[in-house]
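Some notes on the structure that comes next.
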Amino acid sequence: MASATTNHPPLNSSKLLRRAVLNRAFALTYACAIPALFYHHVKTLLHPSTAANAIAALLLLPADAVLAFMWITAQSFLLYPIRNEEFPENLEKVVRGTGSFPALDVFICTADPYKEPPIGVVNTALSVMAYEYPTEKLSVYVSDDGGSELTLFAFMEAARFAGHWLPFCRERNLMERNPEAYFASNHCGGTEINKIKMMYESMKVRVEHAVERGKVGEEYIIGDRERQALGKWKDDFTRQNNAAVVEVLLDTSRDRDNAGHVMPNLVYLSREKSNNVPHHFKAGALNALLRVSAVMTNAAIILTLDCDMCSNDPEAPRRALCYLADPLTNQSQLGYVQFPQRFQGINEGDIYCGDFKYPYHINPPGMKNGPSYVGSGCFFRRRSLFGAPSAIVPLEIPELSPEHCPKGSIRTERTSVLAQKVGFRYGSLVEDYYTGYKLQCEGWRSIFCHPKRAAFLGDAPICLIDVLNQNKRWAIGLLEVGFSKFSPVTYGVRSMGLLMGLSYAHYAFWPMWSVPITVYAFLPQIALINGLSIFPKVSEPWFLLYIFLFLGAYAQDLANFVLAGHNGTLRRWWNDQRMYLIRGVTSYASGTIEYTLKSLGVAAHGFSVTSKVLDDEQSRRYEQGVFEFGVVSPMFMVLAAAAIINLVSLVRGLMVAIVRRSGGCDAEGLVLQILLAGFGVVNGWPIYEAMFIRSDKGRIPTKVTLVSAFVASLLYTAASLA
Ligand SMILES: O=c1ccn([C@@H]2O[C@H](COP(=O)(O)OP(=O)(O)O[C@H]3O[C@H](CO)[C@@H](O)[C@H](O)[C@H]3O)[C@@H](O)[C@H]2O)c(=O)[nH]1
Ligand SMILES: [Mn+2]
């Protein structure tokens with residue numbers, strides 16, 4: 001790789017953030033309050049005032065145990081927060097010119113031409129083909145798990161359009177190098193801009209037209225080569241069962257753009273699939289790309305990108321090189337450089353927490369050995385995917401050697417077994433988290449690279465059900481790791497030390513949030529409806545403990561959120577915590593249930609791809625910050641039931657308190673429950689609106705409201721019998 005000069009200017013710097021001291025002090029204080037709470041629970045359990053109180057304490061205990069676990073593991077991100085900075089302007093001085101830059105292979109995955117429109121995938125590819133990077137060292141590989149001629153056709157069009165687009169970007173030194181974003185923000189321009197815009201628009205029309213018709217019309221097929229390639233889609237070619245298709249659409253050694261400059265390689269791959277062989281979803285696709293690229297270019301650096309994420313800064317690879325080519329970094333251990341996932345098109349208040357600040361911005365800079373891999377926007381050292389840093393990699397691992405799978409086919413069992421040790425790891429629906437985790441267990445380190453200008457911008461789902469389904473998939477995948485023999489709490493702690501083990505454990509058991517959130521969304525409220533007090537009275541010292549634990553955790557959460565920047569507004573924070581509660585009773589809970597069924601062998605779950613297609617009306621509602629329900633889903637039924645219970649209990653609780661006080665009795669024991677129900681009601685506002693006030697298509701369907709009201713009354717009846 002790069003040869004370095006001695007005495008060179010720095011390529012990067014890293015410093016501990018001042019807030020680390022405050023974080024540690026707060027952690028110490030809060031950590032003292034937690035045992036006090038458990039002491040209180042045990043005391044109540046040993047001397048319950050009523051049987052109902054004993055049941056309540058029995059349910060609150062595991063709920064609080066999970067809260068304590070989540071809080072403790074979360075501290076692992078806060079004790080050593082650092083900020084990295086890189087100086088790409090020094091790169092050429094250190095690496096002796098772009099001639100010694102390492103080659104870069106970019107992997108883009110797509111899986112369904114209808115959920116992931118090919119024109120979007122084309123935009124992703126064009127944005128990286130236009131990188132400010134020595135073109136002859138750049139290759140873009142597209143994996144099409146949709147096995148669709150429509151996607152291949154879109155890329156044939158893209159290869160032609162790139163001949164005009166790449167010089168256009170270079171000459172104007174554009175920052176946004178995906179045509180869609182560029183033309184959206186540059187409406188009018190000179191004749192040159194108009195010309196290329198027309199070219200883009202007409203390509204888009206052809207691609208979208210083909211997708212609409214479900215096939216590529218004769219009139220769109222230009223030459224024999226294209227006809228031959230598209231001809232591979234015979235009747236027996238399905239997305240689950242097909243022979244491999246590899247098409248080299250652009251070749252550095254052959255193709256020139258219309259300014260006479262070399263073009264990057266562009267390769268389309270639809271890997272071999274067979275009905276009765278598991279293909280391991282995205283991890284399988286990435287491994288197929290790993291093998292195909294090994295035969296063709298075998299670049300030392302690999303960038304993985306999702307098809308819904310475009311480059312937003314042509315300098316990004318140079319930033320990554322500030323670490324990957326830095327003679328001062330311990331090169332033999334640095335496995336990957338991860339950029340945060342950042343999103344465009346998020347509404348003002350970010351009602352669905354699409355930014356996902358915790359996993360993408362707040363936690364990564366605090367992980368001691370570097371961030372986890374988040375699936376997109378990550379520059380790997382190819383070597384890191386082939387065994388531990390200290391391992392001696394044999395020149396030929398037979399199963400991985402390109403000759404073994406000449407056309408990116410998926411070899412069955414042997415490759416699966418191998419994927420426990422090399423490549424992108426199989427065994428979890430969150431292959432990204434799992435792969436990064438296994439690499440770090442092997443001793444690889446990583447770097448979080450978070451420049452001011454987003455290096456990549458992606459699309460976040462803007463429909464609540466999509467968000468919840470996506471989170472459910474993650475929940476299942478995380479639990480698969482949490483309860484495996486490689487669990488972070490055991491294997492992880494042993495391999496990487498306590499802090500890193502705790503960081504990964506925090507994610508692995510994330511879906512467990514469902515336990516406390518569900519308990520706190522129903523239990524105190526049902527007790528309140530029955531006039532039963534389950535928390536300390538206002539006059540007891542324990543009351544202050546509860547207040548401290550709640551407000552302390554919330555204040556810490558708010559501080560983390562706001563300090564992380566990037567629109568860390570109060571309103572977004574409020575919506576973020578609301579989504580935590582919503583996910584707790586919906587996606588985390590159902591993910592946990594589905595994971596359990598899956599481990600019992602009752603059901604199996606695949607990777608359901610998130611739709612990237614937008615319906616106009618839905619987009620408009622999202623823009624206005626209105627929640628989108630619209631469909632009948634069990635998740636919405638639970639959510640609506642929780643909202644109803646909270647509303648009823650608030651009203652009942654206030655009534656009981658007033659009656660008791662006027663009768664000279666004290667209602668102090670109900671105050672915490674009334675506050676909690678009030679908190680639930682304030683958070684549930686969009687749900688009441690969607691049930692009772694709205695009449696648009698995104699409202700909660702009447703069926704859901706009825707079922708949830710029924711569930712709520714069942715719960716109430718059951719509780720009043722107890
Ligand atoms: O069988 C499959 C399924 C998915 N994908 C690709 O995987 C990517 C992510 O899929 P998406 O539906 O967008 O999932 P998200 O939940 O939005 O993705 C997040 O979560 C995934 C793990 O669940 C990570 O892989 C992603 O990088 C991360 O952004 C897309 O490019 C898909 O085309 C495949 O290539 N093959
Ligand atoms: Mn995505």
Side-chain angles (χ1 to χ4, degrees), residues 106-118 120-125 128 141-148 151 239-240 268-271 273 277-290 303-310 336 338-346 352-356 359-360 371-378 380 408 410 424-437 456-463 465-481 507 510-511 583 587 591 605-613:
V106 183
F107 295 175
I108 299 172
C109 291
T110 183
D112 186 327
Y114 297 103
K115 284 183 170 177
E116 304 180 328
V121 193
V122 159
N123 267 280
T124 302
V128 288
Y141 292 88
V142 181
S143 152
D144 176 19
D145 264 351
S148 168
T151 307
R239 59 185 299 178
Q240 291 89 12
Y268 168 92
L269 165 74
S270 165
R271 60 190 166 127
K273 288 213 191 111
V277 180
H279 59 82
H280 303 288
F281 313 107
K282 184 180 168 196
L286 288 170
N287 282 333
L289 290 175
L290 204 56
L303 163 65
T304 59
L305 263 189
D306 286 346
C307 63
D308 54 2
M309 190 150 260
C310 285
Y336 57 89
Q338 175 70 64
F339 286 78
Q341 289 215 24
R342 287 175 59 177
F343 302 94
Q344 61 206 349
I346 299 245
Y352 300 141
C353 172
D355 249 351
F356 251 108
Y360 295 145
S372 55
Y373 165 44
V374 296
S376 195
C378 185
F380 283 93
I410 43 161
F424 293 86
R425 308 302 203 268
Y426 300 154
S428 166
L429 274 180
V430 280
E431 79 303 321
D432 46 352
Y433 163 85
Y434 189 45
T435 303
Y437 167 62
F456 302 96
L457 281 177
D459 294 328
I462 60 155
C463 202
I465 194 71
D466 289 340
V467 173
L468 299 183
N469 280 328
Q470 180 191 47
N471 274 276
K472 185 166 89 180
R473 158 158 49 77
W474 291 345
I476 299 172
L478 291 169
L479 291 175
E480 282 172 327
V481 181
Y507 291 127
W510 219 21
R583 290 193 304 253
S587 42
H605 287 279
F607 189 125
S608 58
V609 176
T610 311
S611 175
K612 283 108 191 160
V613 185

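Indexing begins at 1, ligand by ligand and atom by atom, following the structure's order. Bear in mind the structure is a predicted one, so any value in this text is a computation, not a measurement.
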Problem - Carboxylate-amine/guanidinium contact K273 D145, below 4.0 Å - result: yes
Handout entry: Ring-ring centroid check F424 F107, cutoff 6.0 Å
Key = no
Exercise for the section: Applying side chain to side chain donor-acceptor pair (under 3.5 Å), name anything that partners S376, two or more places apart in sequence or on another chain. Expected result: none
Exercise for the section: Show all protein N/O/S atoms under 2.8 Å from the Mn ion (ligand 2), or state that there are none. Expected result: D308 OD2
Problem - Nearest atoms (heavy-atom pairs only) where Y336 meets P371 - result: OH-O, 2.7 Å
Problem - Residues in the immediate environment of ligand 1 (any heavy atom closer than 4.0 angstrom) - result: C109, T110, A111, E116, D145, F281, K282, D306, C307, D308, Q341, V374, G375, S376, L429, V430, E431, D432, Q470, R473, W474, F607, V609, T610, K612
Problem - Parallel, tilted or perpendicular: ring planes of F281 versus H279, cut at 30 and 60 degrees - result: perpendicular
Practice task
Assert yes or no for the condition that the ring centre distance of Y373 to F380 is strictly below 6.0 Å.
Solution key: yes
Exercise for the section: Mind telling me whether H280 and Y426 have parallel, tilted or perpendicular rings, with 30° and 60° as the class edges? Expected result: parallel
Problem - side chain to side chain contact (heavy atoms under 4.5 Å, CB included) against S428, all qualifying residues, sequence neighbours excluded - result: V430, Y434, E480, V481
Problem - Test: R473 cationic atom under 6.0 Å from F607 six-membered ring centre, within 45° of axis - result: yes
